[in-house]
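Inspection log for the structure reproduced underneath, given as structure tokens.
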Amino acid sequence: MKYEENQLATKTAPVPESILKKRATSQKKAVDVAKLGRAQQLRNSRLNSVYFKRAEKYVSEYHKTEREAIRLNRIAKNSGTFYVPPAAKVAFVIRIRGINGVSPKPRKVLKLLRLLQLNNGVFVKLNKASINMLKLVEPYVAYGFPNLKSIKELIYKRGHLKIDGQRIPLTSNDMVEKQLGKFGIICVEDIIHEITTCGKHFKQVNNALWPFKLNCPRGGFNMKKTPFLQGGDAGNREHLINNLIHRMN
């Protein structure tokens, strides 16, 4: 019996060196992957706490602004005067008519505003130049001043980023950090805040967002060629743009 065991021991071949090297390499890879996974988990947990703190800060800021407006309105009412809210800084512009019958100048302005298709929508910073541009294309667009709720709904539901010339759905904060991290914008809530408050990096954020592709409004348009003040759809509708956004989103 002992003789047979000795014979088996002598017959067992040594493990080739190449296989030993492969085993060592695969073990090292597994350890490296595990380390990377743990590091990524730590980074994600830290970033999540940063996102939460930023969102919390923005919510308190929005509430503070809203409460201040209510307070000033109440003071004005009690003193028998009127409270005039500050002028809007951002407009949301929706293209409501096609290219038929559009003269070259308005067509160029629509191109500059990135309103290349029907039912496209973009945010525009309001200044003297942009207001003059909107007046030129007023018969072809509907625009007004979006509130926080409308901005949030648009970005969360229909937000797309422009990445290497492609339209990519806005699905994670990592994408935002990659595109806009150099401006201190690392999450979706930062984008919403920058658009709402018309911050110093509004231009960069707005250019990073692809124009919003909206549906036809539920219930349809009334009269596209008629100004809004005459019962139609074209032109400035101020805060009533939020109703149209809700119907088209």
Any chance you could lay out the side-chain contact (heavy atoms from CB on, under 4.5 Å) test for Glu153 and Lys149, step after step, and finish with the verdict? CA-CA 6 Å; Glu153 284 177 356; Lys149 185 186 175 189; 3.2 Å; yes
CZ/Arg74: more than 12 non-hydrogen atoms of other groups inside 6.0 Å: no
So how far is it from Ile151 CD1 to Thr196 OG1, rounded to the nearest 0.5 Å? 3.5 Å
Does Glu238 use its side chain to pair, donor to acceptor, with the backbone of Phe145 at less than 3.5 Å? no
Which pair of non-hydrogen atoms, one from Ile94 and one from Ile241, has the smallest distance, and what is that distance? CD1-CD1, 4.2 Å
Taking Arg247 for the side chain and Gly220 for the main chain, is one N or O donor matched with an acceptor at less than 3.5 Å? yes
May I ask you to test the Ile192-Tyr58 pair for a side-chain heavy-atom distance under 4.5 Å? no
Would you check if the side chain of His160 reaches a backbone N or O of Arg158 as a donor-acceptor pair within less than 3.5 Å? yes
In the structure I gave you, are the side-chain heavy atoms of Cys187 and Val176 within less than 4.5 Å of one another anywhere? no
Does Lys213 reach the side chain of Asn119, with side-chain heavy atoms less than 4.5 Å apart? no
Would you say Leu161 ends up clustered with Phe202 if hydrophobic residues are merged whenever their side chains have heavy atoms under 4.5 Å apart, either directly or through other cluster members? yes
Does one hydrophobic cluster hold both Val93 and Leu110, with members joined at side-chain heavy-atom distances below 4.5 Å? yes
When every non-hydrogen atom of Tyr140 is compared with those of Ser103, the smallest separation belongs to OH-N, 4.4 Å
Tell me, yes or no, whether the heavy-atom count around Lys224 atom NZ, taken from other residues, nucleotides or ligands under 6.0 Å, exceeds 12. yes
Look at the side-chain heavy atoms of Ile, Leu, Val, Met, Phe, Trp and Tyr, link any pair under 4.5 Å apart, and say whether Leu136 and Leu134 land in one connected group. yes
Residues in side chain to side chain donor-acceptor pair (under 3.5 Å) contact with Asn206, at least two apart in sequence or another chain: none
Does the side-chain contact (heavy atoms from CB on, under 4.5 Å) test come out yes or no for His193 and Glu61, once each step is laid out? CA-CA 10 Å; His193 182 260; Glu61 188 182 318; 3.1 Å; yes
What is the minimum heavy-atom distance between Pro146 and Phe92, and which atoms define it? CD-N, 3.7 Å
Between NZ on residue Lys162 and CD on residue Gln179, distance to nearest 0.5 Å: 10.5 Å
In Å and rounded to the nearest 0.5 Å, what is the NZ to OH distance from Lys152 to Tyr62? 6.5 Å
Note, Leu240 side chain near Phe228 side chain (heavy atom, < 4.5 Å): yes
If you measure from CG on Leu214 to CD on Gln117, what distance do you get to the nearest 0.5 Å? 11.5 Å
Asn73 side chain to Tyr83 main-chain N or O, any donor-acceptor pair under 3.5 Å? no
Asp164 side chain to Gln166 backbone, donor-acceptor under 3.5 Å: no
Donor-acceptor check, side chain of Ser130 to backbone of Lys125, threshold 3.5 angstrom: yes or no? yes
Check this for me: does any side-chain nitrogen of one of Lys135 and Glu138 sit under 4.0 Å from a carboxylate oxygen of the other? no
Assess the residue pair Met175 and Lys178 against the criterion (side-chain contact (heavy atoms from CB on, under 4.5 Å)); give the C-alpha distance rounded to whole Å, side-chain angles, the decisive distance to 0.1 Å, and a yes or no. CA-CA 5 Å; Met175 295 166 65; Lys178 207 173 282 183; 5.7 Å; no
Pro217 and Leu244: which non-hydrogen atoms are nearest, and at how many Å? CB-CD1, 4.1 Å
Mind checking whether Leu170 and Tyr156 sit in one hydrophobic cluster, side chains of I, L, V, M, F, W, Y counted as touching below 4.5 Å? yes
Are side-chain heavy atoms of Pro211 and Leu115 found at a separation under 4.5 Å? no
Lys64 side chain near Arg67 side chain, heavy-atom distance below 4.5 Å: yes
Please tell me whether Val205 and Phe123 are part of a single hydrophobic cluster in this structure, the criterion being side-chain heavy atoms less than 4.5 Å apart. yes
With rounding to the nearest 0.5 Å, note down the distance linking OH in Tyr51 to CD in Glu177. 5.0 Å
Just by distance, do the side chain of Glu189 and the backbone of Ala55 share a donor-acceptor pair under 3.5 Å? no
Measure from the side-chain N and O atoms of Arg167 to the backbone N and O of Pro169, and report whether any donor-acceptor pair falls under 3.5 Å. no
Closer than 3.5 angstrom, by distance alone: can the side chain of Asn242 be matched with the main-chain N or O of Asn147 as a donor-acceptor pair? yes
I would like to know whether Glu68 and Arg71 meet salt bridge (Lys or Arg N to Asp or Glu O under 4.0 Å); could you show each step before the answer? CA-CA 5 Å; Glu68 184 65 14; Arg71 188 184 70 81; 2.7 Å; yes
Any donor-acceptor pair under 3.5 Å from Asn173 side chain to Val188 backbone: yes
For Ile191 and Ile185, the nearest pair of non-hydrogen atoms, with its separation, is CG1-CG2, 4.0 Å
Before you tell me yes or no, could you show the steps for Arg237 and Asn243 under side-chain contact (heavy atoms from CB on, under 4.5 Å), namely the whole-Å CA-CA distance, both residues' side-chain angles and the distance that decides it to 0.1 Å? CA-CA 10 Å; Arg237 51 179 71 200; Asn243 298 334; over 6 Å; no
Taking atom CG of Asn249 and atom CG of Asn215, what is their separation to the nearest 0.5 Å? 8.0 Å
To check you understand the geometry: which heavy-atom pair defines the closest contact between Gln204 and Leu180, and what is its length? O-CD2, 3.9 Å
